[in-house]
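Along the sequence shown, residues are numbered consecutively beginning with 1.
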Amino acid sequence: MTVDPELLIHSDAGDLAFSVASRFVTALVDAQSTGSVAQVVLTGGRVAAAVYQAVAESPARVEVDWRRVEFWWGDERFLPSGDPERNETQARDAFLSALDVDPARVHPMPADSGQGAEAAAAAYAEELAAAGSPTFDVLMLGVGPDGHVASLFPGYPQLGVTDAAAVAVHDSPKPPPTRVSLTLPQLNRAREVWFVVSGSDKAEAVAKALSDGDVPAARPKGRNRTLWLLDEAAAEKIPNA
């Protein structure tokens with residue numbers, strides 16, 4: 001079961017990042033309050049990096065037992081380990097390196113070491129299965145100007161994959177051309193899905209997604225909650241927003 005999306009608009013990208021960081025810390029505290037290990041899926045991009053930096057700088061971060069947080073990624077650029085363009089590298093630089101995380105609970109998608117993206121996708125699917133195919137507490141997504149989410153692009157066959165947790169993506173319309181992404185069924189394995197979006201270049205895609213338009217961003221939904229966390233520029237084409 002899914003619920004209708006909720007829309008929260010912030011004045012600018014800085015306000016958005018601060019608010020999402022606070023919400024993220026609170027969500028982890030709530031997830032751990034039952035004795036569970038919190039399961040989160042990270043995204044990449046400029047606003048995500050700002051969110052992670054704000055988490056690292058938040059005094060409230062001490063309320064989280066970071067060694068009881070399992071970190072996953074929604075997609076990855078298939079590049080060598082440590083490449084600054086990798087979402088993993090971005091997250092490690094922005095906040096994971098500053099927190100007392102359990103390295104065994106940080107699950108980056110495989111880097112390009114010559115094995116091929118298909119093998120990397122299969123390995124990540126196996127890692128998820130070995131962890132019990134977790135239901136994620138929070139799954140964060142960005143949205144591209146074309147309405148893509150993770151590395152699922154409009155018109156690409158990976159959008160229709162239902163029998164795998166992760167897929168290789170080739171000939172991406174934005175560099176780098178090769179990526180690994182969770183599939184839509186896997187993105188929908190989250191209690192809460194958060195779309196974190198800033199900038200007027202995303203406004204049309206956001207409006208389409210929220211009106212159930214034909215864009216990938218219209219399709220991921222949280223089981224308990226779907227949040228669209230936007231700045232005013234990203235929300236400018238939403239009717240009556």
Side-chain angles (χ1 to χ4, degrees), residues 2 5 17 20-21 23-32 36-52 54-56 64 66 68-78 86-92 94-96 99 101-111 120-121 123-144 148-152 158-159 161 164-167 169 179-197 209 216-217 219-229:
T2 60
V20 175
R23 185 178 295 276
F24 184 66
V25 169
T26 299
L28 296 185
V29 171
D30 288 347
Q32 291 181 345
S36 300
V37 173
Q39 303 278 345
V40 300
V41 178
L42 303 179
T43 186
R46 189 169 56 247
V47 69
V51 169
Y52 304 151
V55 171
V64 177
W66 292 102
R68 291 177 52 244
V69 181
E70 208 94 29
F71 295 94
W72 304 90
W73 272 262
D75 75 320
E76 187 56 275
R77 298 162 179 185
F78 195 55
R86 276 178 59 85
N87 293 335
E88 175 202 357
T89 307
Q90 179 191 69
R92 288 189 186 279
F95 82 139
L96 294 181
L99 302 171
V101 300
D102 180 352
R105 286 182 166 153
V106 179
H107 304 277
M109 289 183 166
Y124 207 62
E126 290 172 5
E127 191 165 355
L128 283 160
S133 299
T135 297
F136 308 118
D137 294 292
V138 174
L139 182 145
M140 285 193 277
L141 292 169
V143 175
H148 81 265
V149 289
S151 284
L152 302 175
Q158 290 84 0
L159 279 168
V161 173
V167 286
V169 179
R179 296 155 176 261
V180 176
S181 180
L182 296 185
T183 57
L184 280 170
Q186 197 68 30
L187 295 179
N188 285 317
R189 289 185 60 86
R191 294 182 177 89
E192 297 197 8
V193 170
W194 298 2
F195 293 91
V196 184
V197 193
R219 298 173 67 178
K221 301 283 173 62
R223 295 182 177 184
N224 298 343
R225 198 177 195 193
T226 305
L227 280 177
W228 283 79
L229 302 156

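The salt bridge (Lys or Arg N to Asp or Glu O under 4.0 Å) contacts involving residues 36-46 comprise nothing, where partners must be two or more places apart or lie in separate chains.
The nearest pair of heavy atoms linking Leu128 to Ala165 is CD1-CB, 4.1 Å. For the pair Ser36 and Arg68, the tightest heavy-atom approach, listed with the atom from each and the gap, is O-NH2, 2.7 Å. Minimum interatomic distance between Tyr124 and Pro108 (heavy atoms only, all atoms of both residues): CE1-O, 3.4 Å.
Considering only heavy atoms from C-beta on, Tyr52 comes within 4.5 Å of Thr43 through its side chain. In this structure, the side chains of Phe95 and Val51 stay at 4.5 Å or more apart for every pair of heavy atoms. Within the 4.5 Å cutoff, the side chain of Trp194 has heavy atoms near those of the Arg23 side chain. With contacts defined as side-chain heavy-atom distances shorter than 4.5 Å, the pair Gln186/Val41 does not qualify. Two residues are said to be in side-chain contact when any heavy atoms from C-beta on lie closer than 4.5 Å; Leu42 and Glu88 fail this criterion. The closest side-chain heavy-atom distance from His148 to Leu159 is not below 4.5 Å. With contacts defined as side-chain heavy-atom distances shorter than 4.5 Å, the pair Leu28/Val40 qualifies. In this structure, Val180 and Trp73 have side chains that are not in contact, with every pair of non-hydrogen atoms separated by 4.5 Å or more.
Side-chain contact of Glu70 with Trp72: a donor-acceptor pair under 3.5 Å is absent, judged by distance alone.
No side-chain donor-acceptor contact under 3.5 Å links Ser151 to the backbone of Ser181.
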Using distance only, find each side-chain donor-acceptor pair of residues 130-140 under 3.5 Å and give its atom names and separation, not counting sequence neighbours.
| unit_1 | atom_1 | unit_2 | atom_2 | d |
| --- | --- | --- | --- | --- |
| Asp137 | OD1 | Arg191 | NH1 | 3.0 |
| Asp137 | OD2 | Gln39 | N | 2.8 |

How far apart are the C-alpha atoms of Met109 and Leu182, what are their side-chain angles, what is the distance that settles it, and do they pass the side chain to side chain contact (heavy atoms under 4.5 Å, CB included) test? CA-CA 10 Å; Met109 289 183 166; Leu182 296 185; 3.9 Å; yes
